[in-house]
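Quick notes on the structure that follows.
Basis for what follows: all heavy atoms, side chains included, without hydrogens, waters or symmetry-related copies.
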Amino acid sequence: MTKRTPTPTSIHARLRRPSDKSVRWTNGFWAEKQNLVRTSSIHSTLDAMEDPTNAAYFGNFRTVTQGGGHFHGRYWSDGDCYKTLETILLLTDVSPDAALSRRMEDYIGMIAAAQEDDGYLNTQITLTDLARWSDIEHHEMYNLGHLFTTACLHHQVTGTRTFLDIAIRAANNLYETFITRDPDLARFGFNPSQIMGLVELYRETSDGRYLALARIFVENRGAHPDMPGNNGDQSQARVPVLEETEAVGHAVTGPYLWAGAADILMEADEPALMKAITRIWEDSTYRKMYITGGIGALHKGTSERSHPRYEQIAESYGRPYQLPSDSAYNETCANIANAMWSWRMLQLTGDARYADVIEQVMYNTGLSGVSLSGTHFNYSNPLRFNGDGHFIGNNDSPRRWDRWTCYCCPPQVTRTIAGLHRWAYSTADDAVWVNLYGSNTFHTDLADGRIALHQTSEVPWSGDVKLVIEDAPSSEFTMHLRIPAWSEETTVRVNGETVDTSGCGPRYLAVTRNWQKGDTIELTLDIRPRILVARPEVEETRNQAAVMAGPVVYCLEGADLPEGVTINEVVLPAVAQFETLKGEGLFAGMTLLRTTMPRRPSWSSQELYAPLAAQDQGSRPVTLIPYFAWNNREDNTMAVWLPLKG
């Protein structure tokens, strides 16, 4: 085992990410979710990815090493295999698992043997008669980006270079191909995970070629909008990033591009690029994001730019405020990409609004992609489901699945949960930022000494948070405590003394002092249930309301309604009072909400319109469950937005 080279500090990031070993969940919500990935999800995904009928298949690497054969799965299969290895690395870094580690190393051996002599590595090309770099939707870049990211993590976790050397050879081949700035190649980069991967490889190796190449890929986007083979707004290639004013196109390729640009900004001071991705983030967040944190409203959309062609776009952003509920797409990969992008914006700025979006995604549509058992998954994440007869579009499914025709989402959600502890804290030379609340331990070195603390928290089911300082530098430093926008009334005490928390919106409360061992910080966040409405421009939710408690969006599922009553027959009173219940059975450990809702008249099957009638047909007891927990029971009809009775 070789000693790994320290990862360089990103000098243009305001916040720094502590080492991966600095944070450990101890118990509570995220510890339980991480353990579920360890005990269930990773085994489910590995089993699926050894099945040649599944869309992602490890066997393609094995087939290359055996001298050739048929390629199985989608063009992006290799990338999803790498994401699964990333999950294993994150899990084993937290708690070593010899069996998982051996399996991972066996796969890495196959990957090494599948690499071509010049470093090129894509089994969907090697095993077929497809030419390299002939079609952007062959996903060569996507696969390589996830290879780079996972190989860097492997080096960090194991200290060995076996996987890193594979990535370096592949990156060198990529550099030699694209450093030419050949206009015919400028269109490549659909689903551009290679930008994030190259920046990570630069950080791991200090080889400036990889950062230079990452910048070229950002500059190429939109530089040749009418080039044959360029799919325009589908992959954000109609307008250069520096000129872009809105979030447009495919809702994974966009956030991957903008997250990659944010990674570049941590290494290079480029104010124009920062302004560009900030205004794009604001458009995505304030005009095109669901209450659950989901993005990518439409299965099929149309670009409405002033370009001569209206372009059909798959898995796309819609118009501003176009946020349908029952046909919402909200691909799991897109939702998590939203959190990945926001995490990078947080590192660049220290602005708490980005942390709020991370939390909004992860407690809602980031988690709804995986079942409570950890073994079955969703691709799309609508906000209303009318039953098995509901219109099913591309990649919709009325039930969760363990094999699928597009398997990118399971490893996306598992790697994110497995590594979420890495987002909990940030640091600077003389400061610590508490980004996410949950029971954990944290330690790292600041400029003047070591900081160690223990956090106890039952967020999101309780607003009580306690942090105990266990070690501190001798000089003063600042603890930045995140106050989420959803906490309307927040109290903070340091060693029993109340600290002023005045202000509004998402923010960090800065507490600067000479901290001592034994100092205690106590926060009480406001998690009372609240009823929310959308802006009037969101036509699909006019006169409707949704319920949140803390960061958790709640929904009504058909299984919790009295017999004979459907989700279409109840309305939410504007003055509804909620009783909190401890979940049992399937929902053990969760907080459920109990209320009563009036029932409105049912409609005959022949009526499309009818005279306005009194809605109140008697009240019914109703239980709301967290949105992330829907679709785990037989009656999975569901609604987040409910008609509002004023």
### Task
With Y425 as reference, evaluate H443, Q455, R17 under the side chain to side chain donor-acceptor pair (under 3.5 Å) test and give the passing residue.
Q455
### Message
Within the structure provided, determine whether V357 and M289 are in side-chain contact (heavy-atom separation under 4.5 Å).
### Response
yes
### Main-chain N/O of G79 paired to N143 side chain as donor or acceptor, under 3.5 Å
yes
### Query
Is there a donor-acceptor contact under 3.5 Å linking the side chains of Y363 and W30?
yes
## Note on the structure
Contacts of F578 meeting ring-ring contact (aromatic ring centres under 6.0 Å, His included) (sequence neighbours excluded), chain-then-number -> none
### Residues D80, Y142; criterion side-chain hydrogen bond (donor to acceptor under 3.5 Å, both in side chains); working and verdict
CA-CA 9 Å; D80 298 336; Y142 171 84; 2.7 Å; yes
## Note on the structure
Between T427 and W433, the two heavy atoms sitting closest are C-CZ3, 3.8 Å
## Note on the structure
Sorted by chain and residue number, the side chain to side chain contact (heavy atoms under 4.5 Å, CB included) partners of A588 (sequence neighbours excluded) come out as none
### Query
So, Y554 versus W630, ring centres under 6.0 angstrom or not?
no
## Note on the structure
Quick note, salt bridge (Lys or Arg N to Asp or Glu O under 4.0 Å) partners involving residues 476-488, not counting sequence neighbours, are D356-R482, E359-R482
#### Entry: E557: salt bridge (Lys or Arg N to Asp or Glu O under 4.0 Å) partners, not counting sequence neighbours
R633
### Task
Look only at the side chain of R507 and the backbone of T501, and say whether a donor-acceptor pair between them is shorter than 3.5 Å.
yes
### Query
Is it true that E200 and R203 make a salt bridge, defined as a side-chain N closer than 4.0 Å to a carboxylate O?
yes
#### Entry: Beyond-backbone contact of D93 with Q156, side-chain heavy atoms, under 4.5 angstrom
no
### Trace of the side chain to side chain contact (heavy atoms under 4.5 Å, CB included) decision for L348 with M266
CA-CA 6 Å; L348 281 168; M266 293 183 211; 3.6 Å; yes
Please report, to 0.1 Å, the donor-acceptor pairs under 3.5 Å made by any side chain of residues 459-470, with sequence neighbours excluded.
from	atom 1	to	atom 2	distance (Å)
W461	NE1	G589	O	3.1
S462	OG	D464	N	3.2

### S19 backbone acceptor or donor facing S22 side chain under 3.5 Å
yes
### Inter- and intrachain pairs under salt bridge (Lys or Arg N to Asp or Glu O under 4.0 Å), touching residues 415-429, at least two apart
R16-D429, D20-R422, E86-R415
### Validation row: L593, T623 side chains within 4.5 angstrom (heavy atoms)
no
### Test side chain to side chain contact (heavy atoms under 4.5 Å, CB included) applied to S371 - qualifying residues, sequence neighbours left out
S373, T375, H376, R400, N632
### Query
Who passes salt bridge (Lys or Arg N to Asp or Glu O under 4.0 Å) against D471, sequence neighbours left out?
R450
### Task
Go through the steps to decide whether S44 and D402 satisfy the test side-chain hydrogen bond (donor to acceptor under 3.5 Å, both in side chains), and finish with yes or no.
CA-CA 7 Å; S44 174; D402 63 351; 5.6 Å; no
### Query
Is any side-chain heavy atom of L85 less than 4.5 Å from a side-chain heavy atom of Y107?
yes
### Query
Are T158 and F163 close enough that some pair of their side-chain heavy atoms sits under 4.5 Å apart?
no
## Note on the structure
In short, M590 meets P626 closest at the heavy-atom pair SD-CG, 4.1 Å
### Task
For E50, check salt bridge (Lys or Arg N to Asp or Glu O under 4.0 Å) against everything at least two apart and list the hits.
R62
### Message
For I417, is there any backbone N or O sitting under 3.5 Å from a side-chain donor or acceptor partner on K33?
### Response
no
### Side-chain (N364) to main-chain (V553) donor-acceptor, under 3.5 angstrom
yes
### Query
Minimum heavy-atom separation for F148 to G197, with atom names?
CB-O, 3.5 Å
Show which side-chain atoms of residues 333-345 pair as donor or acceptor with protein atoms under 3.5 Å away, not counting sequence neighbours.
from	atom 1	to	atom 2	distance (Å)
N335	OD1	I295	N	3.1
N335	ND2	N330	O	3.0
N335	ND2	E331	O	3.3
N335	ND2	T365	OG1	2.8
N338	ND2	G293	O	3.1
S342	OG	W281	NE1	3.0
S342	OG	N338	O	2.9
W343	NE1	Q347	OE1	3.2
R344	NE	D263	OD1	3.2
R344	NE	D263	OD2	3.0
R344	NH1	M340	O	3.1

### Task
Taking all heavy atoms of A261 and all of I277, pick out the closest pair and write down the distance.
CB-CG2, 3.9 Å
### Task
State which residues pass salt bridge (Lys or Arg N to Asp or Glu O under 4.0 Å) with R528; sequence neighbours excluded, sorted by chain then number.
E489, D526
### Message
Keeping Q34 on the side-chain end and A418 on the backbone end, is there a donor-acceptor pair under 3.5 Å?
### Response
yes
### Query
What's the shortest heavy-atom distance between P506 and A352, and which atoms?
C-CB, 3.7 Å
### Heavy-atom pair of closest approach, residues G28 and E458
CA-OE1, 4.3 Å
### Task
Keeping the roles fixed (side chain from T414, backbone from T87), state whether a donor-acceptor pair exists under 3.5 Å.
no
### Heavy-atom side-chain contact between W423 and L436 under 4.5 Å
yes
### Query
Hey, does the side chain of R38 reach the backbone of S95 with a donor-acceptor pair shorter than 3.5 angstrom?
yes
### Task
Describe, in one word, how the ring planes of W515 and F477 are oriented to each other, choosing from parallel (under 30°), tilted (30 to 60°) and perpendicular (over 60°).
tilted
### Query
Can you check side-chain hydrogen bond (donor to acceptor under 3.5 Å, both in side chains) on N378 and S368, steps first, answer last?
CA-CA 7 Å; N378 281 344; S368 62; 5.5 Å; no
### Message
Tell me if a side-chain donor or acceptor on D430 pairs with a main-chain N or O of L446 at a distance below 3.5 Å.
### Response
no
### Query
Between Y329 and Y379, how do the two ring planes meet: parallel, tilted or perpendicular, split at 30° and 60°?
tilted
### Query
Within the distance-only criterion (no hydrogens, no angle test), does the side chain of Q360 pair as donor or acceptor with the backbone N or O of P551 below 3.5 angstrom?
no
#### Entry: Any donor-acceptor N or O pair under 3.5 Å, side chains T349, R14
no
### Query
By ring-ring contact (aromatic ring centres under 6.0 Å, His included), which residues pair with F628, not counting sequence neighbours?
F29
### Message
Are the side chains of H12 and E267 in contact, using a 4.5 Å heavy-atom criterion?
### Response
no
#### Entry: Working for side chain to side chain contact (heavy atoms under 4.5 Å, CB included), residues I195 and Y256
CA-CA 8 Å; I195 301 171; Y256 271 26; over 6 Å; no
### Message
Run T149 and Y82 through side chain to side chain contact (heavy atoms under 4.5 Å, CB included) and show every step you take.
### Response
CA-CA 9 Å; T149 297; Y82 300 140; over 6 Å; no
#### Entry: F377 and T332, any side-chain heavy atoms less than 4.5 Å apart
no
